[in-house]
2 protein chains.
Amino acid sequence: MPNSKPDFKIPHATCIVFLMAVRMKDIAKDLGLSVVTISKVLRNHPDIAEATRERVLKRVRELDYQPNLMARSLVTGRSYLIGLVVPTVLHPFFAEVAMALSSVVTKRGYSLLLASSEEQPELEAREIQQLMARQLDALVIASCATDTAALEKLARNGSPYVLIDREIAGLAAHFVGVDDIEAGRIATEHLIEQGCKRIAHLRGRDTSTGNKRHDGYRLALHKHAIEYRESLVVSSPWVDIDGIRQGTEAIRKLLAADAVPDAVFAYNDPMAIGAMRAILDAGLRIPEDIALVGCGNLHYDGLLRVPLTSIDQHSAAIGERTAQILLQLIESKTPPQPASVILSPSLIVRASSQRKPTL
Amino acid sequence: MPNSKPDFKIPHATCIVFLMAVRMKDIAKDLGLSVVTISKVLRNHPDIAEATRERVLKRVRELDYQPNLMARSLVTGRSYLIGLVVPTVLHPFFAEVAMALSSVVTKRGYSLLLASSEEQPELEAREIQQLMARQLDALVIASCATDTAALEKLARNGSPYVLIDREIAGLAAHFVGVDDIEAGRIATEHLIEQGCKRIAHLRGRDTSTGNKRHDGYRLALHKHAIEYRESLVVSSPWVDIDGIRQGTEAIRKLLAADAVPDAVFAYNDPMAIGAMRAILDAGLRIPEDIALVGCGNLHYDGLLRVPLTSIDQHSAAIGERTAQILLQLIESKTPPQPASVILSPSLIVRASSQRKPTL
DNA sequence: AGTGTTTACTTTATCGATTTCTGTAACCTA
DNA sequence: TAGGTTACAGAAATCGATAAAGTAAACACT
């Protein structure tokens, strides 16, 4: 017997210190009722006399009984667990999404299982496997995967899931995120409007966000008849894990290659911050010599050495919308068709890009 | 039958798409073995012939079988779940602790359940309750509670737990954090050494960290025979949730009251950042008019408008040490006596406090 | 009075695993 | 050859709950 416990009768209203958790069986034995009756009381089943209900609830309070949610889940098939897989919670964007998500689902009785993929597709696949084994009700994934294998397995398994931030090509799934092409376009056009001609882009990895912001960048250049130059685009690994350093190094690379730009659009704010450091360290001025735009609109952007112009991704809204979809997926009998919620990014202009006075 | 499933025989090596998860029972039926045998194979029980073992493993791979961890936990009494309760993951300190903790325990097969108390003791108590019902193997708590009720219940329940960052008076528990008195002392003495005389403190809430940093502040003043003035100490609510604004308002309050300091030690970095904004907005210079020291040493501290002197709390180390203690608590038969791991904070000097040139 | 309906519980089966105990050959040993 | 081991597999009980079906008593109606 792994969890043995003597089924002795607990004296009324005295003993309050327990070593093992109280079970329904204990309460039932105490009151001379069956386990099922206790269970029904706790789930507000109508089938119970008022007097009995109160007797049970009284004892439940006395013993401070907590139902074993695992046992319950095993039989109901509902775990009230939601998994969240992100590259890292160190990046404030994901932390904010996590908070917003958590605060909505917690109110409905769900708990959040957090896993981080550290931007490694294999690790992500393992984490998803591990979470699936825990019978989650649903999963939220900001995937760093490039193939659809892990997620197709999820779908086969019948586990509902929602992608956030990053879409995956060739996968019809629920998605919540911002319009990243638009984000890239707005940022770049803003720089163009400030009179910049040689606009560099510190691009993100080969994910939908990285690619689309880059696409938006090209689109804006093209629209304004500015030549796209490979030499002004820098790729870095780990942009989400270690963005600041990646940004610094990217700028050093540009400057060393004599490919000096007059503006930089960085994939995210940490990279922009790194870029800021490298630019200032090189003795250049922001925005006079190089104008700078980031993406993410972190809380402290306005308080940086040079307040940073950035694209707001509405992280809290992403978390909330995701939570809504999740609850729908879980609670409706006929799950809705895969749908995308694409939020419009907003440009927040600060000093790092402002060459012309506002009119 | 809530989770009914026909026990049909799956044709070999063809059907790969499933709607319901595969169970041991399916594999057993497939191979003409008993469930127990499958279970033994999967747990490397010696009691199995090599030929059988391979037949089972082959089928397990074919069907991509994943054991139902809930069912397993129910009988073993081990869930391989660890709960983490923090005031918020928006604060980078907690995000960093969470990441470090997660990365250690994940490698050992544990998953992390995340809950945030939003700095509200009642919410914290509810979250702890909810997590306990999930039969966690252990709990990590950065508590915002002032009384010991919720945690005593935990102890009664036999759930191992570790406090981090904030201690609770009158509770003998495992604890991992920095020496906050020392943190307050170092920060304040540094300001004194820079020649500051009227040092304000934006203090944290009535938690061990808030109180101890304040104690350290008083200690340093006393040591250097500087009078402690109530008027230079500002208390704010929600210092961890909404620190930037609290910092801004605190400074405005000081300036409005004509209690203009020549230095400010802020409870944490977000508050320091808010303070920075208010000071600069008021047309004062940092550090010439007011020197500023924060606490937390966030990644971007060096890139703020005025690079911020701060106290490093070794968040990653806290996460890792906590993980070690957790694993000990869970895996050893005779849990060790409650012990505290107190790390020494380090002062990171940057421009915001540097009035005298470094020698 | 006889039959149907409620009301309030209980009994039995089940969820998907693990643990402990049994059972059966085959193989040794004296 | 009898008695004892060893190797391998299965049966039954269990974990702590819920679901579905069953039952006994009280009440209702014609």
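Residue numbers start from 1 in every chain, and the chains themselves are labelled A, B, ... in the order their sequence lines are given, proteins ahead of strands.
Listed by chain and number, the residues in a side chain to side chain donor-acceptor pair (under 3.5 Å) with A/Ser143 are A/Glu124 (sequence neighbours excluded). Remark: A/Glu119 engages A/Arg166, A/Arg205 in a salt bridge (Lys or Arg N to Asp or Glu O under 4.0 Å) (not counting sequence neighbours).
Within the 4.0 angstrom heavy-atom criterion, only backbone atoms of the sugar-phosphate kind lie near A/Arg43; the bases stay farther away.
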- Query: Please walk me through it: do A/Glu54 and A/Lys58 pass salt bridge (charged side-chain N to carboxylate O under 4.0 Å, His left out)?
  - Reply: CA-CA 6 Å; A/Glu54 281 174 8; A/Lys58 176 160 172 284; over 6 Å; no

- Item | A/Leu90 vs B/Glu96, side chain to side chain contact (heavy atoms under 4.5 Å, CB included): CA-CA, chis, key distance, verdict | CA-CA 6 Å; A/Leu90 286 188; B/Glu96 279 172 30; 3.3 Å; yes

- Task: Take B/Ser34 and B/Thr37 through the test side chain to side chain donor-acceptor pair (under 3.5 Å) and record every step on the way to the result.
- Result: CA-CA 5 Å; B/Ser34 79; B/Thr37 306; 3.2 Å; yes

- Task: Verify side chain to side chain donor-acceptor pair (under 3.5 Å) between B/Ser332 and B/Gln328, making sure each step is shown before the conclusion.
- Result: CA-CA 6 Å; B/Ser332 79; B/Gln328 261 183 44; over 6 Å; no

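Side-chain proximity of A/Val35 to the nucleotides D/dT18, D/dC15, D/dG16 is greatest for D/dT18. If you check D/dC15, C/dT19, D/dA19 against the side chain of B/Val36, the one that comes closest is C/dT19. With distances taken from any side-chain atom of B/Arg23 to the nucleotides D/dG16, C/dT12, C/dA17, the minimum falls on C/dA17.
With a 6.0 Å radius and a threshold of 12 heavy atoms from other residues, nucleotides or ligands, B/Arg134 has its CZ atom above the threshold.
Between the P atom of C/dT18 and the OH atom of B/Tyr80 lies a distance of 12 Å, rounded to the nearest Å. C/dC15 atom P lies 13 Å from atom CD of A/Gln135, rounded to whole Å. The distance from atom NZ of A/Lys29 to atom P of C/dT10 is 14 Å, rounded to the nearest whole Å. Summarising the geometry, the separation between CE on A/Met70 and P on C/dT18 is reported as 13 Å, rounded to the nearest angstrom. Atom-to-atom, CG of A/Leu31 to P of C/dC9 comes out at 11 Å; the value is rounded to the nearest Å. Rounded to an integer number of Å, the gap from A/Met24 CE to C/dT10 P is 14 Å. For the pair A/Ile38 CD1 and D/dT18 P, the interatomic distance rounds to 11 Å; values are reported in whole Å. Rounded to a whole Å, the CD1 atom of B/Ile27 is 13 Å from the P atom of C/dG16.
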So which protein N/O to nucleotides 5-9 of chain D N/O distances come out below 3.5 Å?
residue, atom, partner, partner atom, Å
D/dA9, OP1, B/Thr52, OG1, 2.4
D/dA9, OP2, B/Ala49, N, 2.9
D/dA9, OP2, B/Thr52, OG1, 3.4
D/dA9, N7, B/Asp47, OD2, 3.1
D/dA9, N6, B/Asp47, OD2, 3.4

Show the distances under 3.5 angstrom between N or O atoms of the protein and N or O atoms of nucleotides 25-28 of chain C.
none

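Here A/Tyr65 reaches the OP1 or OP2 of D/dA17: one of its side-chain N or O atoms lies under 4.0 Å away.
Sorted by first then second residue, the ring-ring contact (aromatic ring centres under 6.0 Å, His included) pairs that include residues 43-82 of chain A, not counting sequence neighbours, are A/Tyr80-A/Tyr110.
Side-chain contact between B/Met70 and B/Leu74 is absent, with no heavy-atom pair separated by less than 4.5 Å.
B/Glu122 has no carboxylate O lying under 4.0 Å from a charged side-chain N of B/Arg126, or vice versa, which leaves the two without a salt bridge. In this structure, B/Asp26 does not pair ionically with B/Lys29, as no charged nitrogen and carboxylate oxygen lie closer than 4.0 Å.
For the helix from C/dA1-D/dT30 to C/dA30-D/dT1, the angle separating the two terminal helix axes comes to 50°, with each axis derived from five pairs and the value rounded to 10°.
Between the side chain of B/Asp137 and the backbone N or O of B/Ser79, at least one donor-acceptor pair lies under 3.5 Å.
Residues B/His45 and B/Asn68 each lie close to DNA chain C; by heavy-atom proximity, the contact nearer the 5' end of the strand is made by B/Asn68.
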